[in-house]
There are 2 protein chains.
Amino acid sequence: MPELRADARRNRDELLDVARQVIREEGVDASLRDIARRAGVGIGTLYRHFPTREALLGAIIGDGVRRLSARAADLSATRAPGEALEEWLTDVARRIGTYRGLPGTMLELVWDLEAGDKDLRVTCGDMMDAGRRLLARAQADHAVRPDVTFDDVFIAVAAISGIAHKSGPDPAARVLAVYLDGLRSAGATRS
Amino acid sequence: MPELRADARRNRDELLDVARQVIREEGVDASLRDIARRAGVGIGTLYRHFPTREALLGAIIGDGVRRLSARAADLSATRAPGEALEEWLTDVARRIGTYRGLPGTMLELVWDLEAGDKDLRVTCGDMMDAGRRLLARAQADHAVRPDVTFDDVFIAVAAISGIAHKSGPDPAARVLAVYLDGLRSAGATRS
DNA sequence: ACCTGAACACCGTTCAAGT
DNA sequence: ACCTGAACACCGTTCAAGT
């Protein structure tokens, strides 16, 4: 990442600040034109710094995603395997649910590894790896059924966290609780 | 519902036919202008028949929703309580998952009873009532934990059915299976 | 009663022209 | 190196004018 000229740096930072606020209010489909306008730069400047909407989104949530990786390591060191996984998934749900529409983007981004900007993809990769270890540990401890994949668990949590913005946070939490109970169950109950 | 003039009737039917196809291909956010164009009518005609996007959506899925009500009665008469509920929820997931973006719309429409057009709201109300009876029966039979609400179960299924269009149908089915196991579990496992 | 399409106020995205 | 904004091809929605 080469150094940026001072004015470019300022523009980038302002853009990110404004985008964070606007997207928090309006969701991931917020108008890019509006963001540029509020940041006091031309629309072309926004596109120069963030060639695609996903690149902008990646820059916005990169920090949060990295924090989730760190949190996984923390929990793994301080909690019982099953507890650590559940706590972490709850954190994931809360963080992803922050921006309206982000759960959907995450579902796509995680599944179709072509999509999204490269930086975000490796950041997400790190976080997914951290989660994968948490799940493996919980499964080794028989705290979680053996027949689930980390990818499946992740997309479940992403999908459920999208409820928060359409039906309120409480239903989302309750649905997640039931899903976690399902993870704890033996699995393969039905013929 | 007063009679429609013959040309109006034709326009309405053609609009619905085209909309069904376009929305199946492009999702619920498909361009209304495009639908009017392909149906060979002016954009104003589309708005005259369907004053809002949700009214159009309602007309499109009304049949499917009604079929779900009927299916609930069927299953209730022919299957064990727990089985009937699970089969029905699986049907719901498949039907809602047909149109990209529909799960999100359903989540909003079901929760915020102001939204959506009136006809659809009563149709959905009927279907929800049929589902509610199925859940009550399963709970009375101790096939499903007593601490869940039908609304919670429904939004869970809607949220999960949205996975199909972002990560493929197989993961969606697996996630739903785990959630159903959670429904079958005792509940209130954690402090 | 019903249909049409121009009109308005917005988008996303690109790119020549400027500094 | 970086910024700007006009230009293009689209939207959703309304409403006067037509039949």
Side-chain angles (χ1 to χ4, degrees), chain A residues 1-19 21-23 25-60 99-102 104-105 108-109 114-117, chain B residues 1-19 21-23 25-60 99-102 104-105 108-109 114-117:
Chain A
M1 209 35 102
E3 299 293 331
L4 284 177
R5 228 167 61 182
D7 57 341
R9 162 102 272 148
R10 261 197 317 272
N11 282 340
R12 208 191 112 100
D13 290 348
E14 183 65 15
L15 239 8
L16 268 180
D17 261 23
V18 171
Q21 189 194 328
V22 171
I23 289 183
E25 284 166 4
E26 326 236 344
V28 297
D29 290 329
S31 156
L32 298 180
R33 258 188 148 95
D34 187 36
I35 291 173
R37 210 152 34 213
R38 295 207 213 180
V41 305
I43 179 67
T45 302
L46 186 151
Y47 274 90
R48 164 165 259 263
H49 285 288
F50 308 102
T52 140
R53 170 174 246 114
E54 281 208 333
L56 175 58
L57 220 50
I60 287 180
Y99 298 102
R100 185 175 3 132
L102 183 57
T105 307
E108 285 164 356
L109 188 145
E114 318 293 306
D117 95 320
Chain B
M1 205 39 100
E3 299 294 331
L4 283 177
R5 228 167 61 181
D7 57 341
R9 162 102 272 149
R10 262 197 317 273
N11 282 339
R12 208 192 111 101
D13 290 348
E14 183 65 16
L15 239 7
L16 267 180
D17 260 22
V18 172
Q21 188 193 330
V22 171
I23 288 183
E25 283 165 5
E26 326 235 344
V28 296
D29 290 329
S31 157
L32 298 180
R33 259 188 146 95
D34 188 37
I35 291 173
R37 210 152 36 215
R38 297 209 214 179
V41 305
I43 179 66
T45 301
L46 186 151
Y47 273 91
R48 164 164 260 263
H49 285 288
F50 308 103
T52 140
R53 170 173 248 114
E54 282 208 331
L56 175 57
L57 220 50
I60 288 180
Y99 299 102
R100 185 174 3 130
L102 183 57
T105 306
E108 286 164 354
L109 187 145
E114 316 296 304
D117 93 323

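Order of the sequence lines fixes the chain letters, A, B, ..., with proteins taken first and strands second; residue numbering starts at 1 for each chain.
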How close or far is atom C1' of C/dG12 from atom CZ of A/F50, stated in whole angstroms?
17 Å
Once you round to the nearest 0.5 Å, how far does CG of A/L56 lie from CD1 of A/I35?
5.5 Å
Does the distance from a Lys or Arg side-chain N to an Asp or Glu carboxylate O, for A/R37 and A/D34, drop under 4.0 Å?
yes
Approximate separation, where rounding is to 0.5 Å, of B/R100 CZ and B/E25 CD
10.0 Å
Between A/A30 and B/R33, whichever has its closest DNA chain C nucleotide further toward 5' is B/R33
Just how far, in rounded Å, is P of C/dC3 from CZ of B/R12?
12 Å
Atom-to-atom span, CZ of A/R9 to C1' of D/dC3 - whole angstrom
17 Å
Which residue, A/P51 or A/R37, contacts DNA chain C at a nucleotide closer to its 5' end, judged by nearest heavy atom?
A/R37
Most 5' of B/R53 and B/R5 on DNA chain D, judged by nearest nucleotide
B/R53
Expressed as a whole number of angstroms, how long is the span from A/I43:CD1 to C/dC11:C1'?
10 Å
When rounded to whole Å, the OH to P distance for the pair B/Y47 and C/dA1 reads 24 Å
Phosphate-side-chain proximity, B/N11 and C/dC3, N/O vs OP1/OP2 below 4.0 Å:
yes
d(CG, A/D29; P, C/dC10) in whole Å
18 Å
C/dA1 -> Watson-Crick or G-U wobble partner, both distances under 3.5 Å, gives D/dT19
Using whole Å, what does the distance between atom C1' of nucleotide D/dC3 and atom NE2 of A/H49 come to?
9 Å
Checking all strands, does A/T45 fall into the base, sugar-phosphate, or nothing category for heavy-atom contacts under 4.0 angstrom?
base
Can you tell me the base-pairing partner of D/dG12? Count Watson-Crick or G-U wobble geometry only, both distances below 3.5 Å, and say none if there is no partner.
C/dC8
Report the C-alpha distance between B/L57 and B/F50 in whole Å, list the side-chain angles of each, state the deciding distance to 0.1 Å, and finish with yes or no for side-chain contact (heavy atoms from CB on, under 4.5 Å).
CA-CA 9 Å; B/L57 220 50; B/F50 308 103; over 6 Å; no
